[in-house]
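Notes follow the structure.
Every chain is numbered from 1, with letters handed out A, B, ... down the list of sequences.
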2 protein chains.
Amino acid sequence: MDVALAAGVSRQTVSNVINNPHRVAPQTLALVAREIERLGFKPNRAAQSLRRRKADALGFQVNAVGERRLGNILDAFLVELTVSARRHDFHIVTFAVDSHEDPIAEYEHLLAVQMVDGFVLTSTRHADPRPGWLLANGVPFVSFGRVWDDPSFTSWVDVDGFSGVGAGVRHLFAQGYDRVGFLGWPEGSPVGDDRRAGWLAAAGESAAFDAGLQASSPQDVHAAAAAAAPLLESLRGGGALICASDTLALGAWTALRDLGIAVGSDVGLVGFDDTDVAESFAITSLRQPLADIADSMLDLIAHHGRHGSPAPGGQVLQPIVVQRASSTRKSRKR
Amino acid sequence: MDVALAAGVSRQTVSNVINNPHRVAPQTLALVAREIERLGFKPNRAAQSLRRRKADALGFQVNAVGERRLGNILDAFLVELTVSARRHDFHIVTFAVDSHEDPIAEYEHLLAVQMVDGFVLTSTRHADPRPGWLLANGVPFVSFGRVWDDPSFTSWVDVDGFSGVGAGVRHLFAQGYDRVGFLGWPEGSPVGDDRRAGWLAAAGESAAFDAGLQASSPQDVHAAAAAAAPLLESLRGGGALICASDTLALGAWTALRDLGIAVGSDVGLVGFDDTDVAESFAITSLRQPLADIADSMLDLIAHHGRHGSPAPGGQVLQPIVVQRASSTRKSRKR
DNA sequence: CGAACCGATTTGATCGTTCATATTCCAATA
DNA sequence: TATTGGAATATGAACGATCAAATCGGTTCG
């Protein structure tokens with residue numbers, strides 16, 4: 001080792017300077033640290049990885065090809081995750097899984113060749129085989145989004161859809177809209193149902209509550225526009241619509257335009273996720289705190305790595321209202 | 001080594017079975033291969049990496065946080081790259097660079113610790129320091145998009161914007177639109193200027209060519225709508241507009257709606273990149289062959305890896321017209 | 001019949017680090 | 001003075017693969 005030679009100490013001492021500074025005499029520490037700095041020494045990851053039997057990397061399954069990206073936060077999430085990972089001394093390795101293939105195989109492979117130590121899961125489906133398999137094999141992982149199937153899985157971080165929509169509804173009332181309708185996904189998706197329940201609870205508190213002011217549509221702009229249109233007709237003149245996603249909100253936005261209803265000043269509109277779609281169309285939305293989410297997730301996984309067992313308890317983070325023109329009642333004239 | 005024991009051969013023979021099968025006697029080969037299969041043996045990447053001094057991984061710099069993703073193909077590209085990488089025995093490692101930080105430092109770091117062997121560049125800017133540095137240091141890399149600054153950099157794969165727009169223009173004429181205008185970015189961006197030139201060349205061939213039928217706008221839906229509006233007025237009744245990006249096209253789309261002009265049947269519209277935006281709004285667009293691009297890029301980088309020097313010659317791939325409602329003149333009544 | 005050759009396989013060293021276990025040195029204690 | 005203890009540092013082995021060179025059998029040939 002070059003540094004060892006230059007500093008006149010053994011390789012182990014250099015190793016200790018980096019990994020166990022407290023074991024090294026202050027004077028030696030300073031000397032070696034200076035040489036490390038001077039020579040720009042960086043420990044070789046392959047060698048570390050081989051000896052320590054860990055990769056310092058996490059796998060991240062990217063959306064299958066052809067998957068919808070519009071109004072999807074996962075791409076933005078990957079960026080935040082990458083940024084966070086650096087602080088946690090992890091690297092992120094992407095991988096894809098053929099849809100007609102055993103989804104577990106690639107996870108198994110990456111672990112077997114010691115390419116990654118664990119995984120960051122997203123888009124956990126109903127009856128998803130991954131959490132169970134990972135848990136059974138003692139593989140560290142965290143999921144972005146609750147693993148609704150099984151409450152005993154606790155390695156997750158999620159956003160509070162219920163409270164989030166509630167906050168959105170209260171925001172709309174505070175802006176002076178008198179009724180708030182809801183456009184969600186068809187019943188049956190845990191996330192969607194949670195958000196709908198948030199609307200029911202918050203809007204239900206108002207005097208003018210009408211449980212009929214809701215509609216549902218799949219996650220598609222065109223379909224959402226069609227589903228929203230009749231609802232928007234009845235919200236004309238001071239009502240507002242809150243949606244389970246920005247994509248749905250965008251659908252509603254185009255419907256409003258087609259109906260000749262002024263977005264914001266006549267009918268309020270709020271989306272969910274605060275994707276680029278919301279920003280581009282000036283639609284108020286509920287921002288998922290992606291940076292905090294990524295950070296929490298890596299904390300949880302690092303905990304697992306250190307203690308050998310999953311960290312207890314999932315974490316629910318609060319989204320925040322990002323106000324834009326679509327929920328601004330009136331630009332004040334002066 | 002377990003397999004060696006089970007097959008009754010030395011570890012080196014097992015290694016040869018995997019890496020140099022021709023050196024092994026057919027009978028031994030079969031025997032060892034069977035044991036490898038049976039025991040599910042996968043060579044440890046850390047050990048390989050240490051010995052061979054290569055990481056079998058490429059770095060991919062993700063968009064800075066806060067970067068526009070709407071109408072951006074890079075997220076989709078990363079997916080294709082990940083898929084392709086697997087075929088080329090590479091892994092993709094994402095990393096981010098703080099905007100106020102030396103952009104080279106992270107590249108240097110990843111190489112120094114032997115986390116990656118090379119890089120896949122995207123979004124090469126004018127006067128980008130990266131290609132020069134990488135070249136000077138003999139680091140394998142490919143760029144998605146020409147490195148316009150310096151024609152001596154040949155490690156790139158790009159899409160032919162000139163021809164692509166030309167194909168779009170011809171498509172529009174074939175559909176029966178009589179004039180084709182252009183909405184592009186402000187002059188000065190090589191990509192944008194290339195696409196504009198493609199319009200000039202193709203539209204210039206038509207009898208009714210009017211060089212005044214163009215406008216420009218930054219890459220933003222709202223701004224694009226404002227810039228497109230006057231142009232669209234003069235294209236009413238059988239004209240068409242081709243745009244330098246889907247984002248611009250989406251702006252034009254909203255402008256058409258606001259002007260009460262029927263998209264497609266009255267005025268044609270074509271975007272570029274074929275992102276989700278185009279699909280969601282039924283806008284005809286020029287599809288970048290991302291899978292082919294990723295494949296070509298990895299071929300180039302693998303070439304560098306094998307031969308120690310950059311592969312000669314950049315590659316230009318052709319985008320193809322994906323027709324949707326926005327450029328369909330009339331749904332045939334029956 | 002021995003030398004030379006050849007393909008198939010094995011052996012020893014090595015990549016760069018960390019772990020486990022020495023060793024060294026010096027001060028405090030019996 | 002000899003003993004013990006502990007902090008600081010050094011040494012040998014190991015992680016799991018590949019490389020380079022050695023060995024082993026068996027042919028071929030002079």
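Side-chain N/O atoms of Arg53(B) and Asn44(A) include no donor and acceptor closer than 3.5 Å.
Along DNA chain C, the nucleotide nearest Gly8(B) and the nucleotide nearest Arg52(A) are compared for position; the residue whose nucleotide lies closer to the 5' end is Gly8(B).
Of the side-chain N and O atoms in Ser49(A), none sit less than 4.0 angstrom from OP1 or OP2 of dC15(D). When the side-chain nitrogen and oxygen atoms of Thr28(A) are compared with OP1 and OP2 of dT9(D), one or more of them lie within a distance under 4.0 Å. An OP1 or OP2 oxygen of dT18(C) is reached within less than 4.0 angstrom by no side-chain nitrogen or oxygen of Gln12(A). Within the structure, every side-chain polar atom (N or O) of Ser10(A) is placed at least 4.0 Å from both OP1 and OP2 of dT9(D). OP1 or OP2 of dT18(D) lies within a sub-4.0 Å distance of a side-chain N or O belonging to Asn19(B).
Backbone-only contact: Lys42(B) has heavy atoms under 4.0 Å from sugar-phosphate atoms and none from a base.
If you measure from atom CG of Asp2(B) to atom P of dA17(D), you get 10 Å, rounded to the nearest angstrom. Between the CG atom of Asn16(A) and the P atom of dC19(C) there is a distance of 9 Å, rounded to whole Å. The nearest whole Å value for the distance from the NE2 atom in His22(A) to the P atom in dA7(D) is 11 Å.
Side chain Arg11(B) to base dT10(C): no donor-acceptor pair is found below 3.5 Å. Between the side chain of Arg51(B) and the base of dT14(C), a donor-acceptor pair under 3.5 Å is found. In terms of polar N and O atoms assigned as donor or acceptor, the side chain of Arg45(A) never comes within less than 3.5 Å of the base of dG16(C) in a complementary pairing.
In summary, the aromatic rings of Phe95(B) and Phe119(B) are positioned with their centroids under 6.0 Å apart.
Using a 30° and 60° split on the angle between ring planes, Phe153(B) and Phe141(B) fall in the perpendicular class, above 60°.
Using a 4.5 Å cut-off on side-chain heavy atoms (C-beta onward), Leu290(B) and Phe144(B) make contact.
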